[in-house]
Amino acid sequence: MSQIVVNRSGGAGAGPVSVGRPSHHPLFAVGAVLLGSFLASVDTRLFSTGLPDLRGALSLSFDEGAWLGTAATASQILIAPAVAWLATVFGIRRMFVIPSLVYALISLLIPFCHDYALLLGLHVLRGLLLGMFVPATLMIIFRNLPMAWWLPAIALYAFRVGFTLNTGVSAVGFYVQELGWQWLYWQDLLLAPLMGLFALLGTPHEPVNEGLLEHADWGGMLLFGAGVALIYAGLDQGNRLDWFASGTIVALFVAGGGLLIVFFVNEAIVREPWASADVLFSRNIGLGLVAVIGFSIASTANASLVPNFLSTVAQLRPEQSGWLLTVWGAVPMVLLLAPSVILLRYVDPRIVMVLGFSAFALSSYWAATNLTHDWSTGDFAPVVLLQAAGYALTLLPVVMASLANSNPARATTFAAYIQAFRLGGSEIAGALMATWLRVREQVHSNLLGQHVTLGDSDVTQALSRLTGRFLGHDAASAAARGVSMLANLVQREANVLAYIDSFWLTFYVAVFALLVVALMTKAPAGPFSPQPWPRPARPPVAA
């Protein structure tokens, strides 16, 4: 078994020992890490992108589809923070093998289900299982792989976030147009059992840790998971239900916030806390978790703004715009994976984070200062390419820097909070961006509309030109159609201005994240400390 040389006390090193038996087949273990992390990210991306097609195929109303998406993700958040502790107690195999088969079965059945209550229940159960896979893959790294494998394995874990966001749009277009919408679910009939097989072959059989089970902090796990899940539901539905004007949203936030307060009280008084809150007061770990939220918001320029602009303004479907994110986003990430791992072996993670957040800032600045309604897929190529560099050079060093400041042998607390901040940060970013776009579009529509007044010479000329386009088809309705087209043009420009404001928002968040990184201190010496750059051997001096 690999030896952990870090020995720290306090919050950063609290929690049960999470190192397990070494894997005798580490390549299969890495395969389980790869499939588990990618499966969760791909399925989440496919569901969110393909939801309009799923609503039509399953005959769902807009509200039913919205709550279906919320329930599917909230159930992931409910269980994800506790999975690291569960894996420590029950072993990795029990978290993967049978759940992967159940997950495949549910994925098979969902396309045949047309009862909404049953459909909702299946998605909640599917979300619970999906929420187990990503944290469990993180624990495969900590428990069963030699420490020399940790950096490349965690790189795969971090890399799948950006990769699946960029390939998901193309995958949805291919499935819906070529194979059928059912394959948004049926792809897991192969992937999930294969993941379970890799986990079976790559992780050792481990007995149940009865000592930890006897002192389980079930209340803390339930309070934290339920609290974060309720807050997520409020964030996800807030934009649609007009935030605090809705009693449902207020109830979700109050209930979620109350449960989190009780959770922190519980962790302070319970004998053996599951996720001690002291870890949040470790300077570098706390700043690292803030950097995760900054990463989540800055990366929405790629995850949300680019595909949504192409859909809303350029009027392109996923199969028409997906190639951009695949060619200029996903492929560069693959090429940058190995260099980012090598860089982190020899360079302080803080320097790599500076490079990553600078790439995010430059990408957003480029789009904010050049975007027009004429932009289409090709115009976004440099923006998406810089975003790919940001993904490759940001999330991995954030995780590694946090690990370097904690005790890797006691990873359950760190894994719990990193999952909560990763998932919560993504949802905060999504809710913030959706609300920001809506409000800014309304503001710009109002401001532009004030300059479009009846009798103005420019407006009269524009209406005359637009009306002339329809005179040859239907003279009676030509004037009304001209006015409608002018209104659409105003709305289009308001949308463009709203997206420009949103790119500026991601730019300022990236700059703020750079300030957060600047406040981090150097990590203590340990197994993740940068190594000296290898120097070429000098030729022997002739006698």
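Here, residue 1 is the first one in the sequence, and each next residue gets the next number. Reckoned from all heavy atoms, side chains included, excluding hydrogens, waters and symmetry mates. The structure displayed is predicted, hence computed values, not measured ones.
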- Note on the structure: Residue set satisfying side chain to side chain contact (heavy atoms under 4.5 Å, CB included) with Leu120, at least two apart, ordered chain then number -> Leu68, Ala71, Tyr116
- Query: Does a side-chain heavy-atom distance below 4.5 Å link Ile92 with Phe96?
  - Reply: yes
- Would you check if Ser502 and Thr300 make a side-chain contact, meaning some heavy-atom pair closer than 4.5 Å? no
- Message: Whether the side chain of Asp242 engages the backbone of Ala245 through a donor-acceptor N/O pair (distance < 3.5 Å, no angle test) should be reported.
- Response: no
- Query: How far does CZ of Phe309 sit from OG1 of Thr377, to the nearest 0.5 angstrom?
  - Reply: 11.5 Å
- Residue pair Gly69 / Tyr232: nearest heavy atoms and the distance that separates them: O-OH, 4.0 Å
- What pair of heavy atoms forms the shortest contact from Arg126 to Ser107, and how long is it? NE-OG, 3.2 Å
- Task: For residues Glu64 and Leu119, determine if any side-chain heavy atom of one lies less than 4.5 Å from a side-chain heavy atom of the other.
- Result: no
- Query: So how far is it from Leu108 CG to Gln182 CD, rounded to the nearest 0.5 Å?
  - Reply: 11.0 Å
- Ring centres under 6.0 angstrom apart (Phe224, Phe264): no
- Query: Can you tell me if Ser311 uses its side chain to pair, donor with acceptor, with the backbone of Pro307 under 3.5 Å?
  - Reply: no
- Heavy-atom nearest pair, Val124 first then Ser75, reads O-OG, 3.2 Å
- Task: Report the distance from atom CZ of Phe133 to atom CG of Leu191, rounding to the nearest 0.5 Å.
- Result: 11.0 Å
- Spell out, as yes or no, whether a donor-acceptor pair under 3.5 Å connects the side chain of Ser246 to the backbone of Trp243. no
- Hey, what do you get for CD (Gln442) to CG (Leu447), rounding to the nearest 0.5 Å? 12.0 Å
- Message: Please give me the minimum heavy-atom distance between Met221 and Ala82, naming the atom from each residue.
- Response: SD-CB, 3.7 Å
- Message: Applying side-chain contact (heavy atoms from CB on, under 4.5 Å) to Ile231 and Leu260, what does each step give before you reach the verdict?
- Response: CA-CA 10 Å; Ile231 290 176; Leu260 286 182; 3.5 Å; yes
- Derivation of the ring-ring contact (aromatic ring centres under 6.0 Å, His included) call for Phe360 and Tyr391: CA-CA 8 Å; Phe360 278 128; Tyr391 273 109; 5.8 Å; yes
- Message: When you compare the side chain of Trp328 with that of Gln387, does any pair of heavy atoms fall below 4.5 Å?
- Response: no
- Query: Heavy atoms, side chains only, cut-off 4.5 Å: are Phe253 and Leu235 in contact?
  - Reply: yes
- Report yes or no: does Arg283 contribute a side-chain atom to a donor-acceptor pair with the main-chain N or O of Leu519 at less than 3.5 Å? yes
- Item | Plane angle bin for Trp186 and Phe112 - parallel if under 30°, tilted between 30 and 60°, otherwise perpendicular | tilted
- Item | Closest non-hydrogen atom pair between Val398 and Val292, with its separation | CG1-CG2, 3.5 Å
- Partner of Trp375 by ring-ring contact (aromatic ring centres under 6.0 Å, His included), out of Phe380, Phe503, Trp366: Phe380
- Stepwise side-chain contact (heavy atoms from CB on, under 4.5 Å) test for Leu324 and Leu310: CA-CA 10 Å; Leu324 166 74; Leu310 293 174; 3.8 Å; yes
- Flag yes if more than 12 heavy atoms outside Phe90 fall under 6.0 Å of its CZ atom; otherwise flag no. yes
- Task: Run the ring-centre check on His373 versus Tyr499 and record whether the distance is less than 6.0 Å.
- Result: no
- Task: On the 0 to 90° scale, with breaks at 30° and 60°, tag the Phe507-Tyr365 ring pair as parallel, tilted or perpendicular.
- Result: tilted
- May I have the step-by-step check of side-chain contact (heavy atoms from CB on, under 4.5 Å) for Arg440 and Leu497, ending in yes or no? CA-CA 8 Å; Arg440 296 308 298 171; Leu497 291 171; over 6 Å; no
- Task: Drop me the distance from Asn239's CG to Met433's CE, to the nearest 0.5 angstrom.
- Result: 12.0 Å
- Query: Going by the angle between their ring planes, with limits at 30° and 60°, are Trp504 and Tyr508 parallel, tilted or perpendicular?
  - Reply: parallel
- Does the side chain of Asp63 reach to within under 4.5 Å of the side chain of Arg240, using non-hydrogen atoms? yes
- Please step through side-chain contact (heavy atoms from CB on, under 4.5 Å) for the pair Ile106 and Asp188, ending with a clear verdict. CA-CA 10 Å; Ile106 293 174; Asp188 297 326; over 6 Å; no
- Message: When you measure from the side chain of Ser100 to the backbone of Pro193, do you find a donor-acceptor pair of N or O atoms at a distance under 3.5 Å?
- Response: no
- Query: If you look at every heavy atom in Pro99 and Met132, which pair is closest and at what distance?
  - Reply: CG-CE, 3.9 Å
- Query: Would a 4.5 Å heavy-atom cut-off, applied to side chains only, mark Leu505 and Asp501 as touching?
  - Reply: no
- Determine whether the side chains of Asp236 and Thr70 contain a donor N or O and an acceptor N or O closer than 3.5 Å. yes
- CG (Asn446) and CD (Glu441) are apart, to the nearest 0.5 Å, by 10.5 Å
